[in-house]
Number of protein chains: 2
Amino acid sequence: MGRRSTAASGSATADAVFKALADAGRRRLLDRLRVKSGRTLNELCEGMRMSRQAVTKHLVQLEEADLVVSRRMGRKKLHYLNPVPIHDIARRWIRPFESGRLAALRELKDQLEG
Amino acid sequence: MGRRSTAASGSATADAVFKALADAGRRRLLDRLRVKSGRTLNELCEGMRMSRQAVTKHLVQLEEADLVVSRRMGRKKLHYLNPVPIHDIARRWIRPFESGRLAALRELKDQLEG
DNA sequence: TTGACAGGCAACTAAATAGTTGCCTATACT
DNA sequence: AGTATAGGCAACTATTTAGTTGCCTGTCAA
């Protein structure tokens, strides 16, 4: 029920993307893919203080959010960063809040002081 | 144990902010505060298909993420949008991924095709 | 062709989330 | 004073999440 349009090609839901970003471990994985994309599972496990299975599950979440795309190469699985979903949430959920930023801050300050 | 620096004044953790954003209901609350800040709890309950208590809990999470700041006025509680945490995560977690966006996309495309 | 390497799957547990309901307190209105 | 309004607190439930362990499969290399 409520299948999330597997995200393989289109953009994932904002829910999935924010949820994927809401974990320091997953953000670390993204950061490392940003530096160098195309890493194997085992490479990505390095330095993560958890089992390989745990990392796999995090990668699954990242793939469901379409933030990571993977490809099998022989017995290896290579993981690539896909920046599109981040771009999408930035447009819808970040920039609109930055636009009104100064106004919001002024209003907030007024109310907290006055 | 791991107390999260209650966020009252400083900027909240990225975890708390992303987690707060990872729910459509909470994002809706933020959207409405963006249009008009300084709303009461009951105002914010309107149109949310859940009990007042549920909304209260969502607002607590938003406050813990420092995305919302509240102030008692008589028997009313007014809620204000605070745009700072969004600005912070944009700087650390959004823009860096947008910078390399075209490069990442080219790399991704190459790998998926080749 | 045998072993080592890379990864996948399933079952389980512990903890966090999202929501409910019932009742209580404080402030405002008449 | 008495009632309606605005919100708070506590207890409880169901679901989701994050992690573990054990074992299995497919691929490469000597």
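Chain naming here is simple, since letters A, B, ... match the order of the sequence lines and numbering starts at 1 in each.
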Nearest non-hydrogen partners of [X] and [Y], listed with the distance:
X	Y	answer
B/Gly25	B/Asp23	N-OD1, 2.8 Å
A/Ala65	A/Ala20	CB-CB, 3.8 Å
A/Gly38	A/Leu33	N-CD2, 4.4 Å

Hey, can you pull the donor-acceptor pairs under 3.5 Å for the side chains in residues 40-53 of chain B, sequence neighbours left out?
| residue | atom | partner | partner atom | Å |
| --- | --- | --- | --- | --- |
| B/Thr40 | OG1 | B/Glu43 | N | 3.1 |
| B/Glu43 | OE2 | B/Thr40 | N | 3.2 |
| B/Ser51 | OG | B/Ala54 | N | 3.2 |

Got a list of side-chain donor-acceptor pairs under 3.5 Å for residues 93-104 of chain B, not counting sequence neighbours?
| residue | atom | partner | partner atom | Å |
| --- | --- | --- | --- | --- |
| B/Arg95 | NH2 | A/Glu98 | OE2 | 2.6 |
| B/Glu98 | OE2 | A/Arg95 | NH2 | 2.6 |
| B/Ser99 | OG | B/Arg95 | O | 2.9 |

(request) For DNA chain C, find the residues of residues 34-43 of chain B with a heavy-atom distance under 4.0 Å and give them by number; none if there aren't any. (result) none
Using a cut-off of less than 4.0 Å, is there contact between a side-chain N or O of [X] and OP1 or OP2 of [N]?
X	N	value
B/His58	C/dT17	no
A/Ser51	D/dT20	yes
B/Lys19	C/dA16	no

(message) If the condition is side chain to side chain donor-acceptor pair (under 3.5 Å), which residues does B/Ser70 pass it with, not counting sequence neighbours?
(response) B/Glu63
(request) Kindly write out the residues that satisfy side chain to side chain donor-acceptor pair (under 3.5 Å) with B/His58, not counting sequence neighbours, or none if the list is empty. (result) B/Arg26
(request) Mind jotting down which residue pairs meet the side-chain hydrogen bond (donor to acceptor under 3.5 Å, both in side chains) criterion with at least one end in residues 104-114 of chain B? Sequence neighbours excluded, please. (result) A/Arg71-B/Gln111, A/Tyr80-B/Gln111
Which atom pairs link the protein and nucleotides 9-15 of chain C when you take only N or O atoms and keep those under 3.5 Å?
| residue | atom | partner | partner atom | Å |
| --- | --- | --- | --- | --- |
| C/dC9 | N4 | A/Gln53 | OE1 | 2.5 |
| C/dC9 | N4 | A/Gln53 | NE2 | 2.7 |

Grab the [atom1]-[atom2] distance between [X] and [N] for me, whole Å please.
X	N	atom1	atom2	result
A/Lys77	C/dG7	NZ	C1'	9 Å
B/Leu44	D/dG8	CG	P	12 Å
B/Glu46	D/dA6	CD	P	11 Å
B/His79	D/dG8	NE2	C1'	12 Å
B/Arg49	C/dA18	CZ	C1'	16 Å

(request) Start with the C-alpha gap between B/Ile89 and B/Leu21, add the side-chain angles, then the distance that decides, and say whether side chain to side chain contact (heavy atoms under 4.5 Å, CB included) holds. (result) CA-CA 11 Å; B/Ile89 63 163; B/Leu21 290 170; 3.9 Å; yes
(request) Can you tell me which residue pairs pass the salt bridge (Lys or Arg N to Asp or Glu O under 4.0 Å) test with a partner in residues 79-94 of chain B, sequence neighbours excluded? (result) A/Asp31-B/Arg92, B/Asp88-B/Arg91
(request) Could you identify which residues of residues 21-31 of chain A place a heavy atom less than 4.0 Å from some atom of DNA chain D, listed by residue number, or say none? (result) A/Arg26
(message) Tell me every residue that passes salt bridge (charged side-chain N to carboxylate O under 4.0 Å, His left out) with B/Arg27, counting only those two or more places apart in sequence or in another chain.
(response) A/Asp15
(message) Please encode protein proximity along nucleotides 24-30 of chain C as a string of B, S and -, counting only heavy-atom distances under 4.0 Å.
(response) ---BS--
(request) Apply side chain to side chain contact (heavy atoms under 4.5 Å, CB included) to B/Val17 and B/Asp66, showing your working. (result) CA-CA 8 Å; B/Val17 177; B/Asp66 206 23; over 6 Å; no
(message) Please compare A/Gln61 and B/Thr56 by the position of their nearest nucleotide in DNA chain D and report the one closer to 5'.
(response) B/Thr56
(message) Using side chain to side chain contact (heavy atoms under 4.5 Å, CB included), reason through B/Val84 and B/Leu67 one step at a time and then give a plain yes or no.
(response) CA-CA 7 Å; B/Val84 173; B/Leu67 286 161; over 6 Å; no
(message) Quick check for you: to the nearest 0.5 Å, what is the distance between B/Lys77 atom NZ and B/Leu59 atom CG?
(response) 7.5 Å
